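Worth saying up front: this structure is predicted, and the values here are computed from it rather than measured.
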Amino acid sequence: MTTFRTRLPLLAALLSVALAHPAYAAASAATPTKTARAANAVSYHTADIDGVKVFYREAGPKDAPTVLLLHGFPTSSHMFRNLIPQLADRYHVVAPDYPGYGQSDQPAMDKFAYSFDNLAAVVDKLTGKLGMTKYAMYVQDYGAPIGFRLAAAHPERISAIVVQNGNAYDEGIDNPFWTPLKAYWADKSEANAAKLRPLFEADATRWQYTEGFRNPALHVSPDAWILDQAYMDRPGNKAIQLELFHSYGTNPPLYPGWQAYFRKYQPPMLIVWGKNDKIFPAAGATPYLRDLPKAELHLLDTGHFALEEDGDEIARLVRDFLNRKVKR
């Protein structure tokens, strides 16, 4: 009679064969260990920057290369909620909320200058406080003029740039969406302001998460735009947004300087762009190649907040890009 003890060598051999099978190896690699899951976990912090509480999400080992994620309008670091864990196994990831956005303080307008210069200064001070002497950056929408200010001021700190629907060229704002904004830049009148205020309401926020998407009902959680709108509906916030709409007019005059930075320093750049975006269409993506001929361009069949619909594909492209371009 065969006993359990006599079957042990056979069972051991079968187990050895199973463990060596490629399918098991692939499954094991795809399943994070407890240590890996802990390393990928996102933590939530605030830093005092000149008396303003600045909120930021952080994940990944602090001795790994750093990636700074800079959000757009009207969102917050929440837009990176899914991307952060997909990078954190290999990178130290930091994603702040600007003052007036997300979980950061919203100081009164007579106490804080809501301008792109000042938002960039706050982020710059935060990177200094966190010891970020070298970092890659991912910029989207408002994150582009904030991030490019940092890059032009501190080119030695920038290891690589990922641009996702963020502009640095006149072609990118030569479309109907920008006509009322350009009028407001030229004349900060109540009549011109009135044409912009609907952009701070729920229909416009929802539009940013649906226009140009393949299937927003399937791919875009309504939590995203509902949360953004809740932040904008706070007392005083829409006046802040209007002030920043006016301040956006300070960005185009800086485009030549940012383009000169690109040409001189040739930072490695990945461009992942929702080509159906009505705010920053693909016309703003391709000009980067004039100044950065080695930049990698991917036009995706989606809209402004491309991470909502093509987050996994963008994460794959970003990981591959950073793995090749950023020294560990």
I'd like to know if [Y] and [X] are part of one continuous hydrophobic network [Ile/Leu/Val/Met/Phe/Trp/Tyr, side-chain heavy atoms within less than 4.5 Å].
X	Y	result
V318	V94	no
Y138	M132	no
V123	V52	yes
M79	L300	yes
F262	Y265	yes

What's the separation between atom [atom1] in [X] and atom [atom2] in [Y], rounded to the nearest 0.5 Å?
X	Y	atom1	atom2	result
Q140	F73	CD	CZ	11.5 Å
K129	D48	NZ	CG	5.0 Å
D277	T302	CG	OG1	9.0 Å
Q208	D203	CD	CG	12.5 Å
L83	S77	CG	OG	12.0 Å
D228	H78	CG	NE2	8.0 Å

Any side-chain to backbone donor/acceptor pair from [X] onto [Y]? Under 3.5 Å, distance only.
X	Y	result
Q266	D291	yes
S247	F116	yes
K125	D50	no
Q259	A168	yes
R214	D301	yes
D310	A306	no
E309	G274	no
N276	G303	no
Q229	F200	yes
T210	P216	no

How far apart are the closest heavy atoms of [X] and [Y], and which atoms are they?
X	Y	value
Y114	P107	OH-O, 2.6 Å
A204	P198	CB-O, 3.5 Å
S159	A136	OG-N, 3.1 Å
R316	E313	NH2-OE2, 2.8 Å
G147	L70	CA-CD1, 3.6 Å
A41	A59	O-CB, 3.5 Å

Would you be so kind as to tabulate the donor-acceptor pairs closer than 3.5 Å made by side chains of residues 60-67, with sequence neighbours excluded?
from	atom 1	to	atom 2	distance (Å)
T66	OG1	H92	ND1	3.0

What do the steps show when you test I146 against V139 for side-chain contact (heavy atoms from CB on, under 4.5 Å), and what is the final call? CA-CA 8 Å; I146 291 170; V139 301; over 6 Å; no
Within the 4.5 Å heavy-atom criterion, are [X] and [Y] side-chain neighbours or not?
X	Y	answer
W207	K278	yes
V54	T46	no
N82	L307	no
H45	S43	yes
M137	V162	no
L119	L244	yes
V42	E58	no
E171	D174	no

Salt bridge check: are [X] and [Y] linked by an N-O gap of less than 4.0 Å?
X	Y	result
D97	K53	no
R324	D320	yes
K188	E243	yes
K134	E156	no
E308	R81	yes

Can you pull the salt bridge (charged side-chain N to carboxylate O under 4.0 Å, His left out) pairs that have at least one residue in residues 98-124, sequence neighbours excluded?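 Sorted pair list: D117-R149, D124-R157.
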Within the 3.5 Å criterion, strictly below it, is a donor on [X] or [Y] matched to an acceptor on the partner's side chain?
X	Y	answer
N165	D141	no
Y231	Q103	yes
Y248	N167	no
Y101	N237	no

Checking side-chain contact (heavy atoms from CB on, under 4.5 Å) for the pair R234/Q106: CA distance, chi angles, key distance, verdict? CA-CA 9 Å; R234 292 175 295 177; Q106 180 186 296; 3.6 Å; yes
Stepwise, does the side-chain contact (heavy atoms from CB on, under 4.5 Å) test hold for I84 with L87? CA-CA 5 Å; I84 293 172; L87 300 179; over 6 Å; no
M269 vs K294, test: side-chain contact (heavy atoms from CB on, under 4.5 Å). Steps then yes/no. CA-CA 8 Å; M269 180 175 285; K294 294 183 180 179; over 6 Å; no
Does NZ or CZ of R197 lie under 6.0 Å from the centre of the six-membered ring of F245, at an angle within 45° of the ring axis?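 The answer is no; the distance or angle limit is not met.
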Given [X], which of [options] fulfils the ring pair (Phe, Tyr, Trp, His ring centres under 6.0 Å) condition?
X	options	answer
H71	F80, Y56, Y142, Y98	Y98
Y169	Y288, F148, W258	Y288
F280	W273, F177, W178, F305	W178

